[in-house]
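Take a look at the structure below.
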Amino acid sequence: MKDLLITEIKKALVEVGAEPSREILIEKPNDEKFGDASSNVAMTLAKELKKNPRQIAQELVSKFKFNPEQIERVDIAGAGFINFYFSKSLLQQSVAQILAQGEQFGKSSVGVGKKAIVEYVSANPTGPLTVGRGRGGVLGDCIANLLEAQGYNLTREYYFNNAGRQMRILADSVRLRYLERCGDAITFPDDYYQGDYIKDIAEKIFSEKGDALKGETDLSSFKEFAEAEIFASIKRTLLRLGIQHDSFFNENSLYEKMESGKSRNEQVVDMLDQKGFIERKDGAIWFKTSLLGKKKVEDGKEIPVDTVLVKSNGEPSYRLPDIAYHTTKYARGFDLIVNVFGADHIDEYPDVARALEVLGYDTSRIKVAINQFVTTTINGEQVKMSTRKGNADTLDALIDEVGADATRFFFVMRAKETHLNFDLELAKKQSSDNPVFYLQYAHARICGIIRVAEEKAMLNAEAISPDFVKVLNAKEELDLAKELMRFPDAVSYAANSLEPQKMITYLNGVAELFHKFYQECRIVGETESVMKSRLLLALATRQVLRNGFKTLGISAPERM
RNA sequence: GUGCCUGUAGCUCAGUUGGAUAGAGCAACAGCCUUCUAAGCUGUGGGUCACUGGUUCGAUUCCAGUCAGGCACGCCA
């Protein structure tokens, strides 16, 4: 629809002597008296053509040649807005079109032939997923769904590290709890993993092996056991939310020697060295970010800052593998690289981007979606989350409380950059009049109507001839059809901006218009043609809701 | 102290890239079920878009500063 208007506007621009290759904004006016679509081109041209915007609008409008079956009329209003009014037949036909396209309605081909990767969750296997992680997980998953609907060949990736100090501490935590289970007296250090899940893992080892591992000083068997258990539980939790990655990338692989005899980490250091961005001092290897403008301010003085890539003990700091990891994303041929992570990693990405740029990678392919933290409160009291301390609110507990649909919905209904306050008590209380139910209820209602209609009128709704759309006439019917027609635009808008909550805003509008339509227009008991036309509209609405729910990953219940 | 994010109705938040009279849900009040699901619909009240300047035809939106809150600032990941 937008395309149709834009094409015609561009043609008119040429005729009035303006540059047609500009971006033309079409938006839906917030007041219906200003039409169904509106453009401000005339105003943006005022300076260039040195003319009054209204006069420019006048000239443009006189050049338009719209099919009256599609655009009924074009008006000029206000400072020079051009307002378009859709004709009834356009709205009617759009209903038929939605039904013909079915699940494909709303999909776009802008990403066809392109590869995209969305990296999300990426928690190391040291403990159960927290509520905070859940937000990034759901956000990433919805972004992936949206990009998939845009036609991208999509990879959902999970980046993890099961080596290093954190895993040694985890393994030793399990070992100590195991010894405790065997009856030994232990002292459990404060900086070890305190959570009960450690005891559960120890218990499991004990029930499988008895006290056979009691004298074991090598941590590897504890580590392997703990890692397997925790990873399995993370995947289980994600699956409850419908999140499934199709690629798990182990950070360790970046340390392994490749055919060249070097690891990817080493290669990155070499390449940065060739470009003159490496310095060796104090036994460590530094990335000279100071040359790229990285600095900090102390006592009012600016101090250039370099970044350690390899520590003096020979181990890479986490930044090096992170850079190396990103080079694999390019090597694997991704055209669009989306990274989803929490605000705590905010300082990390600029270094990675600096390195990639030095190495000649096109960083404009990378989009970063940073979600702000979730603060969890219970009865108004804030709970600090830390996996190490073991007092984290687990994502599992949250799903137990409010269900998978509401969990997904809550995480994604707010813009990612807002601080989300998740009151567990409130979430539980709200579960009966949760915003997610408003959407799902609309879907269930439609299913109910169709059931009743099929039974009472002895018909098959799916088999109704699309010709009956021509009967649609009431204001509520046409308003609803108009909104349904916007679905493809809503999907691309949400996908391009990586903002799934825009999908929710749109779907809420659809649900609202449907409920209004339901209130005013009866279906069963009307004349046959009216009933059939309204059933078609209901079916189209159901299709849009389903397609929309799919991008959000929430279910479409037939009964509630 | 520095960087990033946030500040919109009593509460939780939207706000289509700078547009026309700033919206929704919850909460409050008043209505609507012998008829397809009342988890719904209709109406009322509720606002200095944190504050001050700037940019322009036009600012909740962009810029600067101020105030308030969150997060991050290691040879931890």
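Order of the sequence lines fixes the chain letters, A, B, ..., with proteins taken first and strands second; residue numbering starts at 1 for each chain.
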_Chi-angle category of B:C33 [syn within 90° of 0, anti beyond]_ = syn

Atom pair distance, as rounded to whole Å: [atom1] in [X] and [atom2] in [N]:
X	N	atom1	atom2	value
A:L536	B:C36	CG	C1'	16 Å
A:H345	B:A72	NE2	P	10 Å
A:N508	B:G25	CG	C1'	8 Å
A:E348	B:C76	CD	P	14 Å
A:R168	B:A77	CZ	P	10 Å

*For A:S555, does its backbone N or O pair with a side-chain atom of A:Q440 as donor and acceptor, under 3.5 Å?*
yes

*Are the side chain of A:Q58 and the backbone of A:R54 linked by a donor-acceptor contact shorter than 3.5 Å?*
no

*Mind telling me whether A:Y158 and A:F160 have parallel, tilted or perpendicular rings, with 30° and 60° as the class edges?*
perpendicular

*What class does the angle between the rings of A:F249 and A:Y325 fall in, given that below 30° is parallel, 30 to 60° is tilted and above 60° is perpendicular?*
tilted

*B:U37, B:C76, B:G70: which one has an atom nearest the side-chain heavy atoms of A:R445?*
B:U37

Any protein N or O atoms within reach of nucleotides 30-35 of chain B? Criterion: under 3.5 Å, listing atom names and distances.
from: B:U35; atom 1: O2'; to: A:R522; atom 2: NH2; distance (Å): 3.2

_Which residues share a side chain to side chain donor-acceptor pair (under 3.5 Å) with A:R135, sequence neighbours left out_ = none

*What residues form a salt bridge (charged side-chain N to carboxylate O under 4.0 Å, His left out) with A:R414, not counting sequence neighbours?*
none

*Can you check whether any acceptor in the base of B:C75 is under 3.5 Å from a donor in the side chain of A:S317, or vice versa?*
no

*Do A:Y441 and B:A39 have a side chain to base donor-acceptor pair shorter than 3.5 Å?*
no

*Select base, sugar-phosphate, or nothing to describe what A:Y518 touches, counting heavy atoms under 4.0 Å on all strands.*
base

*What does nucleotides 13-21 of chain B look like as a protein-contact string, B for base, S for sugar-phosphate only, - for none, at under 4.0 angstrom between heavy atoms?*
SSSBB-BBB

*So what is the 5' to 3' dot-bracket string for RNA chain B, if pairs are Watson-Crick or G-U wobble with both distances under 3.5 Å, crossing pairs use [ ] and | means the partner sits on another strand?*
(((((((..((((.....[...)))).(((((.......))))).....(((((..]....))))))))))))....

_My understanding is that only residues two or more places apart in sequence, or in another chain, count here; which of them pass ring pair (Phe, Tyr, Trp, His ring centres under 6.0 Å) with A:F409?_
none

*May I ask you to say whether A:D322 pairs ionically with A:R319, meaning some side-chain N is under 4.0 Å from a carboxylate O?*
no

